[in-house]
Amino acid sequence: NLSTSLRKTLKKIANYPHIDKDVIREVIHDIQRALVMADVNVRMVRDITRRIEERALSERPEAGMSSKEHVIRIVYEELVHILGESKEVPLKKMNIMMVGLYGQGKTTTAGKLARYFQRKGMRVAMIAGDVHRPAAIDQLRQIAEKVNVPVYYDYDEKDAVKIVLGGLEEFKHEDIIIIDTAGRHALEDDLIDEMRCIFEAVNPDEKFLVLDATIGQQAGPQAKAFNDAVQVTGVVLTKLDGTAKGGGALSAVAATHAPIVFIGTGEHPDDLEHFDPPRFISRLLG
Amino acid sequence: KRLKFRVLNDVLSELEIILMESDVALPVVDEITAEVKSELEGVKLRRKEDVGEFIEASLKSAIRGVLTTNPVDFDDFIARHEKPVVLMFVGVNGTGKTTTIAKIVQYLKDRGYSSVIAASDTFRAGAIEQLGIHSARLGVKLIKHQAGGDPAAVAYDAVEHAKARHKDVVLIDTAGRMQTNKNLMDEMKKIKRVAKPHMMIYVGDSLAGNDAVEQASTFNEAVSITGAILCKIDSDARGGAALSIAHAVGKPILFVGTGQGYKDLVPFSADWMVNRLFG
Ligand SMILES: Nc1nc2c(ncn2[C@@H]2O[C@H](COP(=O)(O)OP(=O)(O)OP(=O)(O)O)[C@@H](O)[C@H]2O)c(=O)[nH]1
Ligand SMILES: Nc1nc2c(ncn2[C@@H]2O[C@H](COP(=O)(O)OP(=O)(O)OP(=O)(O)O)[C@@H](O)[C@H]2O)c(=O)[nH]1
Ligand SMILES: [Mg+2]
Ligand SMILES: [Mg+2]
């Protein structure tokens, strides 16, 4: 009868995707602010925003989606695209070189990775390649003892390459060798050279850039400098047990073309998790 | 001519981007530009060219205002205060607290003051050894207990030692901690209760972005900060975190860390920061 068919028609119309431009602009504005507050690079936010707006206004929303949900879905896709292919670190014989800025968590993460691979049944060893920081060797030795992994060190050797080569020789029968290196930043030519020398002498299978989730707009430029020197193969984002959103990681991924492989969620050897893009993105968008 | 709303907004947007790209937290950028807008409301200018300069001048003055609130003259404070003066250093993980303490000891040495360091980071691997190396190089006494010991007890012992041996300054190193960790924030409050520091110094990282506000605010609520020291400015970070922190807690930035050496500590100045932000 007429009332049933009218009701059917009204229902169909209600489900037609319609685009409310004002709502879209408002949602995009909120997302833009959220991304900036999450420490995503400002220029990247502008680029992302432009793409989202173009897509939101030109693409049809999926059936039943509100204008707001339509935008969020597009934002999600754009961010997943920037994060790139996720990667499972292979369980094979390899050397892993830890690099990064001062105080990001390289040494602590080395211990976490040691425990991670050991629990997977691999034989793990570590090399104390930081010859600069006071008591860096003591720090790594105490961590190594805690995770029950051997560590190679030399209190008197100031040549980092010599130490690393010595450690690789000593541990050539181990499966996973984790090489800790000193903190450094892009403007320190001598330290960037040191890092490049270690890289060229050893040619490590993996080069993990350890990045603090609280880092701001310097993430991109610094990651690029590290990548130019050693071709980063993975990013570890640390200190996500705090309130920082870690937007700098997007710039690091974009600069290195390397995926985020792990996240750090605390100070203990167990505080290492696999990177989970949906969780990261929802945290980013607040 | 009156400052046209559209022109004002365009110029302000440009300046906002400069601030955001310099790591000034977004809420702080909002407040500063709102302040500039209200100051420039209906202002009359003589020439068209004045507009951009006028807005920028107003912005710089607003920024200077944030950076010069509740000023503390560190040298004067140390000079006048009854000895031993107790300084406690706090902040999140890896910002540069321990290295900064070494630099402050050097700074005090250069001015004729004697120091005692309290190794109140009893948790982190190698923390006590790290201070052991610094104190040996600087020729100052380090008060330490065994790893895993009570941080407050170490601080207490250091203050007692300084009183007994007539040392001028006690510097308490504490473990890095996330402001979200209630147990660690309580531990920090306990160290403060026991050691009764005269200065609570928040050590921040110049590389930090928007989270600097949340971190500093929470620390300030917990232990009331006297002033902040911002490290690693030599990494080319513009250091807008200085503005974020100063705005969030209403306290001054005392020094900036410019490297890993003992002399790499520079007294902070608002003019220096403004020039750094605007090239
Ligand atoms: N809360 C928290 N703290 C962390 C995490 N990762 C590292 N830390 C802490 O951050 C601080 C710095 O860690 P380190 O491992 O010494 O950093 P680093 O990169 O080796 O430092 P440098 O060698 O000096 O460049 C320490 O207090 C660690 O315990 C994390 O995921 N969460
Ligand atoms: N380039 C540079 N490096 C710095 C500066 N301040 C500290 N560092 C380095 O940053 C790293 C961490 O410094 P620490 O003094 O151990 O930091 P912390 O806050 O005591 O760390 P936790 O106790 O683990 O929380 C070390 O490698 C220092 O040498 C600075 O102003 N410039
Ligand atoms: Mg280290
Ligand atoms: Mg420390």
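Lettering follows sequence order; numbering is per chain, from 1. Excluded from the calculations below are hydrogen atoms, water molecules and symmetry mates; all remaining heavy atoms, backbone and side chain alike, are included.
Atom NZ of K158(A) has more than 12 neighbouring heavy atoms from other residues, nucleotides or ligands inside a 6.0 Å radius. For NZ of K97(B), the number of neighbouring non-hydrogen atoms (other residues, nucleotides, ligands) closer than 6.0 Å is greater than 12.
Contact annotation for R184(A): neither backbone nor side-chain heavy atoms come within less than 4.5 Å of a heavy atom of chain B. Proximity to chain A is limited to the side chain of Q179(B), based on heavy atoms less than 4.5 angstrom apart. For V36(A), the parts lying near chain B are the backbone and the side chain together; criterion is any non-hydrogen pair under 4.5 Å. Within the 4.5 angstrom heavy-atom criterion, atoms from both the backbone and the side chain of D234(B) approach chain A. Neither the backbone nor the side chain of E145(A) has a heavy atom closer than 4.5 Å to any heavy atom of chain B. For L101(A), the part lying under 4.5 angstrom from a heavy atom of chain B is the side chain only. In this structure, chain B has a heavy atom under 4.5 Å from the side chain of L187(A), while its backbone stays farther away. No part of R238(B) comes within reach of chain A, as not one of its non-hydrogen atoms sits under 4.5 angstrom from that chain. Heavy atoms of R33(A) lying under 4.5 Å from chain B belong to its backbone as well as its side chain. For a residue to count as touching a neighbouring chain, one of its non-hydrogen atoms must lie under 4.5 Å from one of that chain's; by this rule A244(A) touches chain B with backbone and side chain alike. Both the backbone and the side chain of A208(B) have a heavy atom closer than 4.5 Å to some heavy atom of chain A. Contact of E21(B) with chain A is made through backbone and side chain together, with heavy-atom distances under 4.5 Å.
If you tally non-hydrogen atom pairs under 4.5 Å between each of Q215(B), M178(B), E214(B) and chain A, the highest count goes to M178(B). For the set G209(B), G96(B), A241(B), the count of heavy-atom pairs under 4.5 angstrom toward chain A peaks at G209(B). Ranked by heavy-atom pairs under 4.5 Å with chain B, the list R141(A), K146(A), Q222(A), R133(A) is led by R133(A). Considering only heavy-atom pairs separated by less than 4.5 Å from chain B, the leading option among Q104(A), R43(A), K245(A), E188(A) is R43(A).
Counting only distance, with no hydrogens or angles, the side chain of K103(B) and the backbone of K263(B) share no donor-acceptor pair below 3.5 Å. With hydrogens and angles ignored, the 3.5 Å screen pairs no side-chain donor or acceptor of K109(B) with any backbone N or O of V140(B). At least one donor-acceptor pair closer than 3.5 Å links the side chain of K112(A) to the backbone N or O of D271(A).
Taking the six-membered ring wherever Trp is involved, the centroid distance between the rings of H268(A) and F123(B) falls below 6.0 Å.
Side-chain atoms of D39(A) and Q217(A) form no donor-acceptor pair, as typed in the model, at a separation below 3.5 Å. Of the N and O atoms on the side chains of D173(B) and T98(B), at least one donor lies less than 3.5 Å from an acceptor on the other residue. In the model, H185(A) has no side-chain atom that pairs as donor or acceptor with a side-chain atom of D236(B) under 3.5 Å.
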Q. So V131(A) and E157(A), side chain to side chain contact (heavy atoms under 4.5 Å, CB included) or not? Walk me through it.
A. CA-CA 7 Å; V131(A) 301; E157(A) 182 55 74; 5.9 Å; no

